[in-house]
Q: 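First, the structure itself, so that you have it in front of you.
In the text below, chain A, chain B and the rest are named by the order of the sequence lines, each starting its count at 1.
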Protein chains: 2
Amino acid sequence: MSDKARLIDIARALNISTTTVSRALNNKSDINAKTKEAVLHLAKQLDYQPNKLAISLRKKMSFKSIGVILPNVGHYFFSTVLKGIMRNAHLNNHLVIVGESAESNSQEQKLVEEFVNYGVNGILIAPGRESKNEDITALLESKRTPYVLMDRIFPNYTGNYVLSDDFKGAEIATTHLIENGKRRIAHIGSLHNCSVGYQRFSGYLSALDNNGISKDDSIIRECLTTKMEEGYKATQELLALENPPDAIFTVTDDVAAGVLDYCHRHQIEVPKQLAVVGYSNSELSSIIKPKLTTIEQKGERMGELAFDFFFASYKDKETIHQKTFESKLIVRESSVSIK
Amino acid sequence: MSDKARLIDIARALNISTTTVSRALNNKSDINAKTKEAVLHLAKQLDYQPNKLAISLRKKMSFKSIGVILPNVGHYFFSTVLKGIMRNAHLNNHLVIVGESAESNSQEQKLVEEFVNYGVNGILIAPGRESKNEDITALLESKRTPYVLMDRIFPNYTGNYVLSDDFKGAEIATTHLIENGKRRIAHIGSLHNCSVGYQRFSGYLSALDNNGISKDDSIIRECLTTKMEEGYKATQELLALENPPDAIFTVTDDVAAGVLDYCHRHQIEVPKQLAVVGYSNSELSSIIKPKLTTIEQKGERMGELAFDFFFASYKDKETIHQKTFESKLIVRESSVSIK
DNA sequence: TCTGATACCGAAAACCTTTACGGAAGCAGA
DNA sequence: TCTGCTTCCGTAAAGGTTTTCGGTATCAGA
């Protein structure tokens, strides 16, 4: 009972060979019913668990696998990324092992370490807000495990990645508002926390600049969780200003949903009084009333490509693969009045 | 180049021992720089890939893992189930390998086979619409792999499962409508395709029966995809009837979203003219206008328990574990007028 | 008594790698 | 010359299982 029982432990106890034990356990022919029963009995008693590694080794199996680390599997965008990854992984006979970092740095490192130790052929990771370049990539480099960053990226990172052009997406979104006559455009976002939030904020600023609108800090709100409630609260504050905004660009569709919720409850006409543009083209954006203008993010396609990049760099570690997906504006009801 | 290169192939070619090759590859000390370089060079040339199995075996590592098979990872409910599974799996040091069946029977079987061959310690599966009891469970039984069914279940199934009480949930939902004065209640659902849909349909019928309302086939609509568009179309048809319904209970929140969309576009007052109740308490239900009355489904909790059941049955295969989660009504705006 | 079939079992190789241990060679210092 | 240290390398065992090949025993039939 002490340590893990092996085939030979059973064999010795019963004075038979490991061959026979193996035969009994895998109910093959060429074995006496009594012997078999004895083996089965003892195996259960010793809580015998076959060693998968040994079996696979002997059977000449080989398994290719990739580890996927996501901040939040329940999040719509990431779940579509996962979907894309899985499609191409299965097409190429790779198992997909998934871990959730919950945006935590330590959890992320633990997963990377675990996956590497396990021996995955590669790692596809969407870094959490907290995570730092050195912590993650250094470990991966040292273990010589190919990896691809997804969605978020580190400042001086030069390796493989797939991401969407958040800067340009935000620029397009904001410009869209300006082109529709809005001049006082607020932003609710996560400015400093993660690269994605920062990129969108920067794109927003760029669009203002391009159109000769000066930045006004009073209508720029930081939100930490990018949830609906934050959008609601921020809108409340923004509309209470002496000089309230006539449009809001939010870092996320969820936040935009909060904005729209506030407007709905307080009879604020969207888009006439307040135009709203979100980000992600998540499911809710076409369900919410009014339907949300937003920026499309091709999660599934990104996942597919992330796998392809890993696969390519698996064969040729020298060349690096990088792709920034263009961002597309999807105009719905929340930003322009129906003609 | 023919077959997979091994340590000994490199060793023989260079007239050295496998020990030295191993040393070179894992850059240990005790090795001459020239030798090391030669090994590295040849290894690259032969495209040497170390055998993970052999390494792990030798290093006495052991990995516990579970395979999770879901019809659709991108679906909100399933992604929360996955979240729950992963939490408890990581807590108990199990890797989580995920596969998507896309509701396809063959894909499901392929995944089961793959996972079993791989040697997962257990399988957690949410069967797709198509899947049949025999196909799946027989295989699992034969391989002696513990498994637990999630969300959906087979007619004469007697093994481990976690699911939500769809029958009672639908009954509660329908009764709620009746209690609020509705008498002509339609149903849009997937009646025959999957157990879940059938259960909800049955619960709906039961509630009608309990309240002395006779079933009317003309206001029962079958939808195949449970997507928003189906809800929209079905509503259009239902409301065009001579004797249109005054309430609709849908199999899914998504379908309900379609109903609400139709109402919104055609100025039908919800809930006054038409009350709506969905199913799942998905994210959209609290975002949509009017907010959707629905039945709560605790995906995350279900996932957690599914893992726990597997874990328990791993140690004791005799006793079976079954849990049906109670269904809770969440009343929002779509079914009762705000008081 | 011999032949052949059948039922059961075991020795050893194979799967591929790492590692404990020891050995040889070279060189410096005494 | 001897001792001791360093540098490099190899032998063999170990990790746990499956499988090939063959062996013994028993019994029926001739």
Q: Roughly, in whole Å, what's the span from CG in B:Leu57 to P in C:dT19?
A: 12 Å
Q: Give the nucleotide from the list C:dT17, C:dC15, D:dT17 with an atom nearest to the side chain of B:Ala54.
A: C:dT17
Q: Show your reasoning for whether side chain to side chain contact (heavy atoms under 4.5 Å, CB included) applies to A:Ser65 and A:His94.
A: CA-CA 5 Å; A:Ser65 61; A:His94 282 245; 5.7 Å; no
Q: Do B:Thr19 and B:Ser22 pair up side chain to side chain, a donor and an acceptor below 3.5 Å, judged on atom types alone?
A: no
Q: Find the distance B:Lys52:NZ to D:dG16:P and express it as a whole number of Å.
A: 20 Å
Q: In residues 28-35 of chain A, what residues come within less than 4.0 Å of DNA chain C, judged by heavy atoms?
A: A:Asp30, A:Ile31, A:Asn32, A:Thr35
Q: Is any side-chain N of the basic residue among B:Glu304 and B:Arg301 closer than 4.0 Å to the acidic one's carboxylate O?
A: yes
Q: If you assign A:Leu53 and B:Lys36 each to the DNA chain D nucleotide with the nearest heavy atom, which residue ends up on the more 5' nucleotide?
A: B:Lys36
Q: In whole angstroms, how far is the P atom of C:dC15 from the CZ atom of A:Phe63?
A: 18 Å
Q: Any N/O pairs under 3.5 Å between the protein and nucleotides 24-27 of chain C? List them or say none.
A:
none

Q: So, B:Glu300 side chain and B:Thr80 main chain: donor-acceptor pair closer than 3.5 Å or not?
A: no
Q: Any donor-acceptor pair under 3.5 Å linking the side chain of A:Asn92 with the backbone of A:Asn88?
A: yes
Q: Do any of residues 11-26 of chain B sit with a heavy atom less than 4.0 Å from DNA chain D, and if so which?
A: B:Asn15, B:Ile16, B:Ser17, B:Thr19, B:Thr20, B:Arg23
Q: What is the separation between atom CE on B:Met61 and atom C1' on D:dT17, rounded to the nearest whole Å?
A: 19 Å
Q: Grab the NZ-C1' distance between B:Lys4 and C:dT17 for me, whole Å please.
A: 14 Å
Q: For A:Lys60 and D:dT17, what is the distance between atoms NZ and C1' respectively, to the nearest whole Å?
A: 15 Å
Q: What is the distance from CG of A:Asn51 to C1' of D:dG16, rounded to the nearest Å?
A: 5 Å
Q: Let me know the distance between CG of B:Asp9 and C1' of C:dC16, rounded to the nearest Å.
A: 11 Å
Q: Under 4.0 Å between a side-chain N/O of A:Tyr48 and OP1 or OP2 of D:dG16, yes or no?
A: no
Q: With sugar-phosphate meaning primed atoms plus P, OP1 and OP2, does A:Ile55 contact a base, only sugar-phosphate, or nothing at under 4.0 Å between heavy atoms?
A: sugar-phosphate
Q: Could you check whether B:Phe310 and B:His321 have their ring centres less than 6.0 Å apart?
A: no
Q: Would you say the side-chain atoms of B:Ser17 and B:Thr20 include a donor-acceptor pair closer than 3.5 Å?
A: yes
Q: Among side-chain atoms of B:Tyr314 and B:Asn121, is any donor-acceptor pair under 3.5 angstrom?
A: yes
Q: Taking the cut-offs as 6.0 angstrom to the six-membered ring centre and 45 degrees off its axis, would you call B:Lys44 and B:Tyr48 a cation-pi pair?
A: no
Q: Would you call A:Glu100 and B:Arg87 a salt bridge, using N to O less than 4.0 angstrom?
A: no
Q: Within the distance-only criterion (no hydrogens, no angle test), does the side chain of A:Asp151 pair as donor or acceptor with the backbone N or O of A:Ala126 below 3.5 angstrom?
A: no
Q: Give the minimum heavy-atom separation between B:Ala306 and B:Met150, together with the two atoms involved.
A: CB-SD, 3.6 Å
